[in-house]
Number of protein chains: 2
Amino acid sequence: MTPPLSPPRPSGHQRERLAFEEFLERRGLKLTRQREAVMKAVLEASGHFEAEEVVTLLRQGALRVSRATVYRTLDLMKECQLVEKLDLGTPHSYYEQVNLGEHHDHLICVTCGAVTEFHDLELETVQAEVCRRHGFSITHHSLRIFGQCQACLEKTG
Amino acid sequence: MTPPLSPPRPSGHQRERLAFEEFLERRGLKLTRQREAVMKAVLEASGHFEAEEVVTLLRQGALRVSRATVYRTLDLMKECQLVEKLDLGTPHSYYEQVNLGEHHDHLICVTCGAVTEFHDLELETVQAEVCRRHGFSITHHSLRIFGQCQACLEKTG
DNA sequence: AAAGAGATGAGATTGATTCTCATTAGAGTA
DNA sequence: TACTCTAATGAGAATCAATCTCATCTCTTT
């Protein structure tokens with residue numbers, strides 16, 4: 001994928017890591033080993049995860065990280081826009097990693113619980129238009145579409 | 001508004017009332033005095049309200065209705081599609097009355113908390129198209145746009 | 001090594017919502 | 001009216017994710 005002659009660039013999650021470090025710096029906060037562990041777990045996670053899963057995962061590592069610290073760090077990463085908090089209709093929240101600046105919405109299957117991401121430019125445009133009409137200055141939005149996914153539809157017939 | 005010669009039609013919330021009664025009937029449930037009190041409170045409510053507000057309101061009436069019954073009845077009305085449960089980003093849920101079959105989305109001001117409703121046909125169309133592309137059968141959706149309302153923008157400048 | 005600021009962890013607390021279960025209400029029947 | 005059966009209710013307990021408290025710890029800087 002990377003053109004052979006392109007300049008070396010941060011690999012893995014270097015960019016996100018840097019973003020978080022700078023964010024902490026700006027706030028006069030430190031990148032402690034605990035925060036680093038949480039960040040690593042989050043950046044390597046794929047899809048959606050619960051805070052509790054991070055807690056459990058980190059229990060297996062050498063460094064102990066308390067539940068409180070996990071929640072606190074997730075909040076920081078949210079402010080830094082590295083993760084988003086999701087409400088998928090369950091009693092607890094999910095989180096997901098956000099690739100710097102990219103936003104997407106969700107199709108949630110009410111039968112199997114599968115969550116599919118999508119991004120649609122036209123949708124954003126129409127939303128912007130709605131906001132304009134209301135003199136509303138948008139910061140972010142959340143669109144959840146509930147229904148049945150293709151797989152479940154095929155099973156049910 | 002009503003043409004003078006139009007046939008008499010249910011006034012007030014007769015239609016909703018009937019819908020609920022039929023719904024209960026179908027389920028082999030009864031329209032008790034408690035359920036009736038909750039229904040009345042909800043149908044007369046304007047805008048968004050919390051379950052707790054219904055509890056408090058009903059405390060003032062002659063008939064005592066417990067918190068459990070309020071929650072249970074709200075759930076029934078939700079199934080009957082007379083109310084919708086909203087997550088406005090607060091730790092607790094809001095409810096709102098739905099005029100039979102009408103859906104709308106929300107602009108939520110993160111500064112003053114004001115919630116504005118809107119409905120946009122084009123938005124629905126684009127969403128339907130997204131679903132079609134994913135072979136997803138939509139049952140309902142929830143769009144929340146967060147930002148600053150006109151009033152707050154004017155104050156802040 | 002002393003000081004100061006931020007960070008952490010264990011456990012307590014919160015708070016909305018749900019659950020439990022003994023009691024009550026209401027419809028139908030004898 | 002008395003009896004029965006089922007659904008409904010209410011008080012308070014339970015749940016559970018999330019937050020808070022505060023004593024302790026870690027760094028960094030004097």
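Within every chain, numbering begins at 1; the chains are lettered A, B, ... in the order of the sequence lines, protein sequences first and strands thereafter.
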> Got a sec, which residues hit side chain to side chain donor-acceptor pair (under 3.5 Å) with B/Gln148, two or more places apart in sequence or on another chain?
Replying inline: B/Thr111
>> Protein within reach of the bases, or only the backbone? For nucleotides 4-22 of chain D, mark each nucleotide 5' to 3' as B, S or -, using heavy atoms under 4.0 Å.
In response: ---SSBBB-----SSBBB-
> Taking 4.0 angstrom as the limit, do B/Glu44 and B/Lys40 come out as a salt bridge?
Replying inline: yes
>> Counting only heavy atoms not in A/Glu122 (residues, nucleotides, ligands), do more than 12 fall under 6.0 Å from its CD?
In response: no
> Counting only heavy atoms not in A/Glu129, do more than 12 fall under 6.0 Å of its CD?
Replying inline: yes
> Within this structure, what is the CZ-to-C1' distance between A/Arg59 and C/dG9, rounded to whole angstrom?
Replying inline: 11 Å
>> Expressed as a whole number of angstroms, how long is the span from A/Leu58:CG to C/dA10:P?
In response: 13 Å
>> Rounding to an integer number of Å, can you tell me how far B/Leu88 CG sits from C/dA16 C1'?
In response: 15 Å
> Can you tell me if B/Asp120 uses its side chain to pair, donor with acceptor, with the backbone of B/Leu123 under 3.5 Å?
Replying inline: yes
>> Between P on C/dG26 and CD on B/Glu36, what's the gap in Å once rounded to a whole number?
In response: 12 Å
>> Test of understanding: with ring-ring contact (aromatic ring centres under 6.0 Å, His included), list the residues that count as partners of A/His106, not counting sequence neighbours.
In response: A/His48, A/His104
>> Test of understanding: with salt bridge (Lys or Arg N to Asp or Glu O under 4.0 Å), list the residues that count as partners of B/Arg64, not counting sequence neighbours.
In response: none
> Which pairs count as salt bridge (charged side-chain N to carboxylate O under 4.0 Å, His left out) when at least one residue sits in residues 67-81 of chain A, sequence neighbours excluded?
Replying inline: A/Arg27-A/Glu79, A/Glu52-A/Arg67, A/Asp75-A/Lys78
>> Give the residues of residues 38-50 of chain A touching DNA chain D, defined as any heavy atom closer than 4.0 Å, sorted by residue number.
In response: none
